[in-house]
Amino acid sequence: MSIPTGASNANTTTPPEIEQTLTMLSGHRSVLGYMVLSRGGSVSIIKHSGVVFEGDQGKKYAGVIERIVDSVQSGLEEISGEQNEGDEIRFLRIRTKRHELMISPTERYLLAVLHDPSS
């Protein structure tokens with residue numbers, strides 16, 4: 001899977017309030033990085049911060065994050081059936097021994113933040 005990357009630090013299309021939030025996130029000492037991805041069709045990296053999301057590693061994370069969100073949404077739909085109509089994921093938090101991955105999906109974008117919970 002080829003994942004295109006956009007300008008990783010250009011803020012020409014990012015609204016100021018979003019840019020401020022991203023700057024605040026990247027300045028937090030426990031945050032290892034964040035990634036903003038586009039949704040619909042194939043996922044692409046719009047913006048990222050942190051070495052963990054650079055290059056091929058960032059592309060791997062982007063693909064996995066998209067699959068995680070799609071898989072959880074499919075599971076919810078399968079369990080709930082018609083009762084789940086219109087319901088969608090708002091926030092995912094996945095914690096491992098070393099890291100915590102927080103994902104906030106919207107219809108058009110995915111925001112993923114990786115942090116070290118021990119910091």
Side-chain angles (χ1 to χ4, degrees):
M1 170 192 323
S2 175
I3 298 174
T5 58
S8 63
N9 288 315
N11 60 7
T12 55
T13 60
T14 308
E17 59 275 6
I18 301 295
E19 193 63 39
Q20 183 179 11
T21 300
L22 295 175
T23 300
M24 182 184 70
L25 278 172
S26 62
H28 197 281
R29 68 183 179 100
S30 69
V31 172
L32 303 173
Y34 69 79
M35 182 177 279
V36 179
L37 308 172
S38 69
R39 291 187 83 181
S42 63
V43 67
S44 65
I45 301 169
I46 296 172
K47 189 174 188 81
H48 71 84
S49 172
V51 293
V52 71
F53 289 139
E54 290 185 1
D56 289 338
Q57 186 71 10
K59 292 176 184 180
K60 286 179 187 177
Y61 265 102
V64 168
I65 290 166
E66 179 187 39
R67 287 195 310 271
I68 288 170
V69 171
D70 290 346
S71 178
V72 170
Q73 185 65 45
S74 294
L76 288 174
E77 291 168 2
E78 187 176 322
I79 290 170
S80 302
E82 292 177 14
Q83 298 171 3
N84 192 44
E85 196 169 312
D87 198 10
E88 46 191 47
I89 301 167
R90 300 197 56 196
F91 190 77
L92 293 169
R93 190 175 203 149
I94 302 167
R95 187 163 183 171
T96 68
K97 287 182 180 180
R98 293 180 30 210
H99 298 115
E100 189 168 37
L101 179 63
M102 296 171 287
I103 305 169
S104 179
T106 68
E107 188 176 317
R108 294 177 47 201
Y109 303 102
L110 290 170
L111 170 63
V113 178
L114 184 68
H115 89 100
D116 180 353
S118 65
S119 303

Review point. Is the shortest distance from a Lys or Arg side-chain nitrogen in Lys59 or Glu54 to a carboxylate oxygen in the other one below 4.0 Å?
Key: no
**Study point:** Ser49 side, atom OG; Leu114 side, atom CG - distance, nearest 0.5 Å
**Key:** 11.5 Å
Check your understanding: Would you say Met102 and Arg95 make side-chain contact, with heavy atoms under 4.5 Å?
Key -> no
Exercise for review: Show your working on side chain to side chain contact (heavy atoms under 4.5 Å, CB included) between Val36 and Leu110 and close with a plain yes or no.
Suggested key: CA-CA 6 Å; Val36 179; Leu110 290 170; over 6 Å; no
**Study point:** Full working for side chain to side chain contact (heavy atoms under 4.5 Å, CB included) between Ile68 and Asp70
**Key:** CA-CA 6 Å; Ile68 288 170; Asp70 290 346; over 6 Å; no
Practice item. Please check if Leu22 and Val51 belong to a single hydrophobic cluster, counting links between Ile, Leu, Val, Met, Phe, Trp and Tyr side chain heavy atoms closer than 4.5 Å. Key: no
Point to revise | Heavy-atom pair with the smallest gap, counting every atom of Ser26 and Tyr34 | key: CB-CE2, 3.8 Å
Point to revise | Gln20, CD: over 12 other non-hydrogen atoms inside 6.0 angstrom | key: no
Study note, to complete from the structure: Value for CG (Leu111) from CG (Leu25), rounded to nearest 0.5 Å, stands at 6.5 Å
Review point. What are the two closest heavy atoms between Ile65 and Leu101, and how far apart are they?
Key: CG1-CD2, 4.2 Å
Review point. Roughly how far apart are Ser118 OG and His99 NE2, rounded to 0.5 Å?
Key: 8.5 Å
Review point. So which heavy atom on Ile89 is nearest to which on Val69, and how close?
Key: CD1-O, 3.5 Å
Review point. Mind checking whether Gln57 and Tyr61 have side chains closer than 4.5 Å, heavy atoms only?
Key: yes
**Study point:** Arg98 vs Asp116 side-chain heavy atoms within contact, under 4.5 Å
**Key:** no
Review point. Do you know the tightest heavy-atom contact between Val31 and His115?
Key: CA-CB, 3.7 Å
Check your understanding: Are Met24 and Val113 linked, directly or through other ILVMFWY residues, by side chains that come within less than 4.5 angstrom of each other?
Key -> no
**Study point:** Closest heavy-atom pair and its distance - Val43, Ser38
**Key:** CG2-O, 3.4 Å
Practice item. For side chain to side chain contact (heavy atoms under 4.5 Å, CB included), just list the numbers for Gln73 and Glu88, CA-CA rounded to whole Å, side-chain angles, deciding distance to a tenth of an Å, and then say yes or no. Key: CA-CA 7 Å; Gln73 185 65 45; Glu88 46 191 47; 3.8 Å; yes
Check your understanding: side chain to side chain contact (heavy atoms under 4.5 Å, CB included) between Glu66 and Leu37: does it pass, once the steps are laid out?
Key -> CA-CA 9 Å; Glu66 179 187 39; Leu37 308 172; 5.6 Å; no
Check your understanding: Are Glu107 and Arg39 ion-paired here, with the side-chain N under 4.0 Å from a carboxylate O?
Key -> no
Review point. Which heavy atom of Leu32 sits nearest a heavy atom of Val52, and at what distance?
Key: O-CG1, 3.9 Å
